[in-house]
> 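Quick one: structure below, then a few questions.
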Amino acid sequence: MPKYDTKVQIDTGTGWVTGCPTSASTKVKIISTGFAQANGVSGASSGDDSVLEAVYTYIPTQVTIPTIGSAVYAHTISGVLKNFTLDSAVNTVAADVQIKNGNAICTNGAKIAGNLILGNGFALLDNCTVSGTIHVAKYVTLEGGASLVQGDVIAAGQGVAAGSNVISVANGATVNGSLLSSGNVSVTSSPGSTVKGNVTVAGSATSVARVANNSKVNGFVQSSGTISNLGTIVGAKTQNVTGLVPPPVPAVPNWSEIPYPAPFSSTTWAAQGFQELVWNGPCVISGVEPAWTGLSALTVPTVVNTLTKCGAAGISTDSNVKTLTLQTHVALAAHSFAFTKLKVLSSDTTARKLWLYVPDSNSADGLPTCVAPSGNITMSSETDIAPEVSVMAYTPCKFYSDRDGWRGQIYGGEVEFGQQAKLTFVPVGVPGVDLSGNPYVPPIPAHLGERISLRDRETSD
């Protein structure tokens, strides 16, 4: 019977070798040899086999789209991250920042120990470090020798003018991962910048991947348009590639509304085994306040309801407020919080959780409803959270911090950090509430692109 065999070769920029495609491959050659059912007439070998060779561009899995478990979620963002540090207390948990609307401007040595995800904005990093991946709807600009992205940089290019850069790595910045862009990419000099992975420009035929003098790409460069190369590209250079898939816009989830309906038994807190304690202490807490220190005696998970007693003024403290020592999980429900000092301990080595909780309205529009009496959470001075304690701040209005020492998570209608802010991420969440939102679209798997050539060969190799 007739039979055939197939040989696969790949090109990583240094010539053809036999083997399966890898992440460094840019072309695939398939050599198929068909054999006749019988030898030629009178033993002649001519025509016994036929060889067909096809060469395709190869498009590897471009980047991994990050899955989010955020340390900071902001429906909108304001201010500039100056010296802001976001670390993870759990090495296997990324300290991610999700911003639904707004831009991230990160300067002056700020650090984010996870992914930076912008659902409708751009990222500008000037001497700033991101240990995960950056994924934005608009564009990304990295500047300065101290700017470092440990993961990939992904930009969907929404609203970017024709001819402008969608990703720019400039003035000595470094990306340890790869770049994936829907438009122009520039890796510039003065001094040289570095991309240690690959560069993929999945735009149009007019898009350009530029690698300037003294700059370097350690992987390959693939472009739907052209490549302008005055620097160093270690891997293969492939222009006019069809089949490249532009990156998706980040799917940052809508706002999760957490109301405080009456009666308490209808809340998610009650469903998770919390009891309610109606606050009878003062709304401005100072010194040795019995109602405040009395919270240290609670042994059953409790929501402390200050909503009626304190109204729109909420809860505030002065610099003399005493330490809160927890024997159980405690949530403080107030229409606003203004802390000049917050020190929280666990009564032993058991992990405890504290929530500063400003309820949202009971609407289901997927938007933070910051209307009176709901208000802000402000941390303006000393914050000292023990290693056994983690704190979750939730407000449909604004969360502002200008102090270090925070351990836990932040979930705000608007979020702003002052120059001295620092957050150590510990997953807390809200009992009975899924804050994760919709999952990301999975990355497009590796696949063959356009067929470059097809020819008959006289005999097999």
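Heads up: numbering here begins at 1 and tracks the sequence. Hydrogens, waters and symmetry mates are skipped; everything else that's a heavy atom, side chains included, is used.
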> If you count every heavy atom of other residues, nucleotides or ligands that lies below 6.0 Å from Lys138 atom NZ, does the total exceed 12?
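Yes, because the 6.0 Å sphere around NZ of Lys138 holds more than 12 heavy atoms from other groups.
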> Step by step, would you call Met392 with Leu435 a side-chain contact (heavy atoms from CB on, under 4.5 Å)?
CA-CA 12 Å; Met392 173 73 169; Leu435 299 175; 3.7 Å; yes
> Tell me every residue that passes ring-ring contact (aromatic ring centres under 6.0 Å, His included) with Phe337, counting only those two or more places apart in sequence or in another chain.
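Result, ring-ring contact (aromatic ring centres under 6.0 Å, His included) vs Phe337: Phe339.
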> What are the two closest heavy atoms between Lys353 and Val428, and how far apart are they?
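Shortest heavy-atom separation between Lys353 and Val428 comes out as NZ-O, 3.8 Å.
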> Determine the minimum heavy-atom distance between Ala74 and Val415, stating which atoms define it.
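The pair with the smallest heavy-atom distance is CB-CG2, 3.5 Å.
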> For the atom pair OG1 (Thr18) and CD1 (Ile31), what is the distance rounded to the nearest 0.5 Å?
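Thr18 OG1 to Ile31 CD1: 7.0 Å, rounded to 0.5 Å.
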> Short question: side chain of Thr232, backbone of Lys216 - any donor-acceptor pair under 3.5 Å?
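A pair under 3.5 Å: no.
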> Between Ser374 and Pro359 (side chain of the first, backbone of the second, donor and acceptor by atom type, cut-off under 3.5 Å), is there such a pair?
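Side chain of Ser374 to backbone of Pro359, a donor-acceptor pair under 3.5 Å: yes, one is there.
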> Does any part of the side chain of Lys398, heavy atoms only, come nearer than 4.5 Å to the side chain of Ser78, both counted from C-beta?
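Counting from C-beta outward, Ser78 and Lys398 do come under 4.5 Å.
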> Should the pair Trp406 and Phe399 be assigned to parallel (<30°), tilted (30 to 60°) or perpendicular (>60°) ring geometry?
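Ring orientation of Trp406 relative to Phe399: perpendicular.
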> Kindly say whether Ala205 contributes a backbone atom to a donor-acceptor pair with the side chain of Ser224 at under 3.5 angstrom?
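Looks like no, no N/O pair under 3.5 Å.
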> Evaluate the side-chain proximity of Val17 to Ile10: yes if any heavy-atom separation is below 4.5 Å, no if none is.
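Yes, close enough: below the 4.5 Å cut-off.
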> How would you list, by chain and number, every residue that makes a salt bridge (Lys or Arg N to Asp or Glu O under 4.0 Å) with Glu143, sequence neighbours excluded?
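Checked Glu143 against salt bridge (Lys or Arg N to Asp or Glu O under 4.0 Å); zero matches.
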> Taking the side chain as C-beta and beyond, is there a heavy-atom pair between Val201 and Val208 under 4.5 Å?
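Of all side-chain heavy-atom pairs linking Val208 with Val201, none is under 4.5 Å.
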> Does NZ belonging to Lys341 count more than 12 external heavy atoms closer than 6.0 Å?
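Atom NZ in Lys341 is crowded, with more than 12 foreign heavy atoms closer than 6.0 Å.
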> Using atom types as modelled and distance alone, determine if a side-chain donor or acceptor of Tyr73 lies under 3.5 Å from a backbone N or O of Pro253.
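Pair found, side chain donor or acceptor close to backbone of Pro253.
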> Could you work out, with ring-ring contact (aromatic ring centres under 6.0 Å, His included) as the rule, every residue matching Trp269, not counting sequence neighbours?
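Scan of Trp269 (ring-ring contact (aromatic ring centres under 6.0 Å, His included), adjacent residues dropped) gives Phe274, Trp355, Tyr357.
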> I need the His75 NE2 to Lys100 NZ distance, nearest 0.5 Å.
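Going from the NE2 atom of His75 to the NZ atom of Lys100 covers 6.0 Å.
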> With sequence neighbours left out, write down each residue that passes side-chain hydrogen bond (donor to acceptor under 3.5 Å, both in side chains) with Ser204, or none if nothing qualifies.
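Here the qualifying residues are Thr206.
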> Flag the pair Ser207 / Asn184 as yes when at least one side-chain heavy-atom distance between them is below 4.5 Å, and no otherwise.
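Yes, side chains in contact.
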> So do Asp11 and Lys29 actually touch side chain to side chain, heavy atoms under 4.5 Å?
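A side-chain contact under 4.5 Å is absent here.
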> Between Trp255 and Asp365, is there a side-chain heavy-atom distance shorter than 4.5 Å?
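Not touching, per the 4.5 Å side-chain cut-off.
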> Evaluate side-chain contact (heavy atoms from CB on, under 4.5 Å) for Asn115 paired with His135, printing each intermediate quantity in order.
CA-CA 8 Å; Asn115 302 310; His135 185 190; over 6 Å; no
> Given the rule in the side-chain contact (heavy atoms from CB on, under 4.5 Å) test, do Asp152 and Ser178 qualify, once you have shown the distances and angles that lead to the verdict?
CA-CA 5 Å; Asp152 301 318; Ser178 296; 3.7 Å; yes
> In Å and rounded to the nearest 0.5 Å, what is the CG to CG distance from Leu124 to Asn103?
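Spacing of CG (Leu124) from CG (Asn103) equals 9.0 Å.
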> Taking all non-hydrogen atoms of both residues into account, name the closest pair between Ile167 and Ala155 and its distance.
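The pair with the smallest heavy-atom distance is CG1-CB, 3.7 Å.
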> Is there a donor-acceptor pair under 3.5 Å between the side chain of Tyr411 and the backbone N or O of Ser256?
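Side chain of Tyr411 to backbone of Ser256, a donor-acceptor pair under 3.5 Å: yes, one is there.
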> Could you tell me if the side chain of Val97 sits less than 4.5 Å from the side chain of Ile77, heavy atoms only?
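Of all side-chain heavy-atom pairs linking Val97 with Ile77, none is under 4.5 Å.
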> Which heavy atom of Ser181 sits nearest to which heavy atom of Pro247, and what is that distance?
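Result for this residue pair: C-CD, 3.9 Å.
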> For the NZ atom of Lys7 and the CD atom of Glu53, what is their distance to the nearest 0.5 Å?
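Interatomic distance, Lys7 NZ to Glu53 CD, rounded to 0.5 Å: 9.5 Å.
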> For Thr188, is there any backbone N or O sitting under 3.5 Å from a side-chain donor or acceptor partner on Ser193?
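Here the side-chain-to-backbone pair exists.
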> Mind jotting down which residue pairs meet the ring-ring contact (aromatic ring centres under 6.0 Å, His included) criterion with at least one end in residues 98-128? Sequence neighbours excluded, please.
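For residues 98-128: Phe122-Tyr139.
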> Of all heavy-atom pairs between Ile377 and Ala393, which one has the smallest distance, and what is that distance?
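For Ile377 versus Ala393, the nearest heavy atoms are CD1-CB, 4.0 Å.
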> Run the numbers on Thr133 and Ile154 for side-chain contact (heavy atoms from CB on, under 4.5 Å), then give the verdict.
CA-CA 8 Å; Thr133 285; Ile154 310 166; 3.9 Å; yes
> Measure across Arg352 and Leu326 and return the closest heavy-atom pair with its distance rounded to 0.1 Å.
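Result for this residue pair: NE-O, 3.3 Å.
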> Are the side chains of Ser380 and Thr340 in touch, meaning some heavy atoms are under 4.5 Å apart?
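Side chain of Ser380 against side chain of Thr340, heavy atoms only: contact under 4.5 Å found.
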> When you measure from the side chain of Ser215 to the backbone N and O of Gly192, does any donor-acceptor pair fall under 3.5 Å?
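Answer holds: no.
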> Got a second to check how far Gln409's CD is from Asp96's CG, nearest 0.5 Å?
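Here the rounded value is 10.5 Å.
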> Holding to salt bridge (Lys or Arg N to Asp or Glu O under 4.0 Å), I want the full list of residues that pass it with Arg210, two or more places apart in sequence or in another chain.
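So Arg210 forms no salt bridge (Lys or Arg N to Asp or Glu O under 4.0 Å) with any residue.
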> Ignoring hydrogens and geometry, is there a side-chain-to-backbone donor-acceptor pair from Thr107 to Cys128 under 3.5 Å?
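Answer holds: no.
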> Between Glu257 (side chain only) and Asp360 (backbone N and O only), is there a donor and an acceptor less than 3.5 Å apart?
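Checked: no pair found.
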> Would you say the side-chain atoms of Ser223 pair up with the backbone N or O of Thr226, donor to acceptor, closer than 3.5 Å?
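Yes: the side chain of Ser223 pairs with the backbone of Thr226.
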